[in-house]
Engineer: 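Sharing a structure with you now.
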Amino acid sequence: MSIHSILTQGQITVMPSAELQPAAPKPSRSLHVAIVSDGNGRWATSRGLPRSAGHRAGAQTARAIIAAAPKLGIHTLTMFALSSANWKRPPAEVAGILRILHEYLLTETQHCIDEGIRLSIIGRRDRLSATLRQAIIDSEDATARGTRLHLRLAVDYSARNAIYSAARRFYKSTELSEESFAGVMAEARGGAPDVDLLIRTGGDQRLSDFLLWECAFAEFLFMPKRWPDFSVDDLRSGLREFASRERTRGALPAGEVDAIAG
């Protein structure tokens, strides 16, 4: 799983053709979409290509989605670039993914500045090379004033590790409460809001240790399409599906409340 690629119940959602659908409704300014961009390797091997070609193709898809996100009303976009579990893969594949990330930082930072995109990298950094760590710092500093889109790339990321690290900091807190721990978690994620919609491509239906805390009330869409084949029209369709759902966060739907009151 990479940019180039809680337990949940649900069914795979197959999106209708974009040509037959109206434009996606404009969501709230605070809309946070998270994407598990899975399927790069399988996309490549099904075409007789090396897995690295799938990651390259996935990077192109990511560029298109990032460019379209603000126009579709997305204010925060979090993409799974490299899971901490991905270190189990062949070293050459992991190195290739990190190389693509480094290239992105070097070539796209100015574009992010021009487009008002704030770039953040979440996850561990101690296992990354010194040159990549410096490139991350430089890109984050250079794009810090962006307000049009907050783009977060999860690199060497594990939600369990993020929660554990927050708990270690919270252990020293004088105020022990759920609210204060939530504050520690919010600080750790740089002020990003909870996830509203999580999309996973590639056919699997799981979170894979991605944003467990932030996805507590998220809506999920699982798509069989592999990440390099994912398009802006697919994202638009996903937002349309999201807008059709009634989000109660444990409360009664509005219609049932009115019926009870009546």
Side-chain angles (χ1 to χ4, degrees), residues 1-5 29-37 55-56 58-84 86-87 94-159 161-166 168-170 172 182-196 210-211 213-214:
M1 167 198 321
S2 70
I3 190 171
H4 326 292
S5 73
R29 173 67 174 164
S30 63
L31 182 66
H32 183 179
V33 174
I35 300 179
V36 181
S37 42
H55 296 313
R56 288 282 175 187
Q60 291 302 112
T61 296
R63 284 182 171 88
I65 296 304
I66 291 166
K71 302 171 187 176
L72 295 175
I74 298 170
H75 185 246
T76 304
L77 176 64
T78 304
M79 307 184 77
F80 215 167
L82 181 73
S83 165
S84 294
N86 289 153
W87 290 102
V94 175
I97 293 171
L98 294 176
R99 187 180 308 114
I100 292 171
L101 171 64
H102 198 178
E103 292 171 1
Y104 179 85
L105 297 175
L106 295 178
T107 61
E108 298 295 326
T109 294
Q110 185 58 52
H111 178 72
C112 288
I113 295 171
D114 296 340
E115 294 297 319
I117 298 173
R118 173 190 170 195
L119 176 63
S120 299
I121 305 298
I122 61 174
R124 293 178 58 173
R125 300 189 185 184
D126 57 298
R127 293 190 285 194
L128 306 180
S129 69
T131 54
L132 179 53
R133 291 199 302 269
Q134 188 59 53
I136 289 171
I137 293 171
D138 292 345
S139 293
E140 288 181 329
D141 289 345
T143 63
R145 294 186 178 181
T147 58
R148 189 162 170 256
L149 174 69
H150 186 187
L151 171 63
R152 306 194 315 155
L153 304 180
V155 179
D156 195 358
Y157 177 83
S158 159
N161 180 263
I163 295 170
Y164 168 71
S165 297
R168 290 186 64 183
R169 293 192 298 275
F170 180 69
K172 302 175 183 178
V184 174
M185 287 295 298
E187 179 182 351
R189 65 185 197 238
D194 284 347
V195 174
D196 296 295
F210 185 49
L211 303 179
W213 181 276
E214 296 91 327

Engineer: Run the side chain to side chain contact (heavy atoms under 4.5 Å, CB included) check on V33 and L72 step by step: do they pass?
Structural biologist: CA-CA 11 Å; V33 174; L72 295 175; over 6 Å; no
Engineer: Given 3.5 Å as the limit, does a donor-acceptor pair link the side chain of T143 with the main chain of L119, or not?
Structural biologist: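 Yes.
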Engineer: Could you go through L153 and M79, starting from their C-alpha distance and side-chain angles, then the distance that decides it, and tell me whether this counts as side chain to side chain contact (heavy atoms under 4.5 Å, CB included)?
Structural biologist: CA-CA 5 Å; L153 304 180; M79 307 184 77; 4.2 Å; yes
Engineer: Is the shortest side-chain heavy-atom distance between L128 and I136 below 4.5 Å?
Structural biologist: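 A side-chain contact under 4.5 Å exists here.
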Engineer: In Å, rounded to the nearest 0.5 Å, how long is the span from CG of L149 to CZ of R118?
Structural biologist: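 If I round to the nearest 0.5 Å, the distance is 11.0 Å.
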Engineer: Quick one: does any side-chain atom of S84 pair with a main-chain N or O of D156 as donor and acceptor, under 3.5 Å?
Structural biologist: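 Present.
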Engineer: Would you please name every residue forming a side chain to side chain contact (heavy atoms under 4.5 Å, CB included) with T78, sequence neighbours left out?
Structural biologist: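 T78: side chain to side chain contact (heavy atoms under 4.5 Å, CB included) contacts with H32, A34, T76, I122, R152, F210, L211.
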Engineer: First locate atom SG of C112, then atom CZ of R148, and finally report the distance between them rounded to the nearest 0.5 Å.
Structural biologist: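 Answer for the SG-CZ pair, C112 versus R148, is 11.0 Å.
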Engineer: Side-chain polar contacts of residues 95-103 - donor-acceptor pairs under 3.5 angstrom, sequence neighbours left out - could you list them?
Structural biologist:
unit_1, atom_1, unit_2, atom_2, d
E103, OE1, R56, NH1, 2.6
E103, OE1, R56, NH2, 3.3
E103, OE2, R56, NH2, 3.2

Engineer: Quick check: closest heavy atoms across L31 and G73, and the distance to 0.1 Å?
Structural biologist: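 Of all heavy-atom pairs spanning L31 and G73, the closest is CB-O, 3.7 Å.
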Engineer: Run the side chain to side chain contact (heavy atoms under 4.5 Å, CB included) check on I137 and R125 step by step: do they pass?
Structural biologist: CA-CA 11 Å; I137 293 171; R125 300 189 185 184; 4.2 Å; yes
Engineer: Has the side chain of E140 got a donor or acceptor atom that lies under 3.5 Å from a matching backbone atom of I121?
Structural biologist: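 It does hold such a pair.
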Engineer: Looking at N161, is its backbone amide N or carbonyl O close enough to the side chain of S158 to form a donor-acceptor pair, meaning the two atoms are under 3.5 Å apart?
Structural biologist: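 Yes; judged by distance alone, with no hydrogens or angles, the pair exists.
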Engineer: From Q110 CD over to E115 CD, what is the distance, rounded to the nearest 0.5 angstrom?
Structural biologist: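 One gets 10.5 Å once the value is rounded to the nearest 0.5 Å.
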Engineer: Measuring from I74:CD1 to D196:CG, what's the distance to the nearest 0.5 Å?
Structural biologist: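 Result: 10.0 Å between the selected atoms.
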Engineer: Taking only residues two or more places apart in sequence, or in another chain, which ones meet R124 in a side chain to side chain donor-acceptor pair (under 3.5 Å)?
Structural biologist: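 Checked R124 against side chain to side chain donor-acceptor pair (under 3.5 Å); matches are D126.
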Engineer: Side chain to side chain contact (heavy atoms under 4.5 Å, CB included), that's the test. Do D138 and L105 meet it? Break it down for me.
Structural biologist: CA-CA 9 Å; D138 292 345; L105 297 175; over 6 Å; no
Engineer: Taking all non-hydrogen atoms of both residues, which atom of T109 and which atom of S139 are closest, and how far apart?
Structural biologist: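 Looking at all heavy atoms of both residues, the closest pair is OG1-OG, 2.7 Å.
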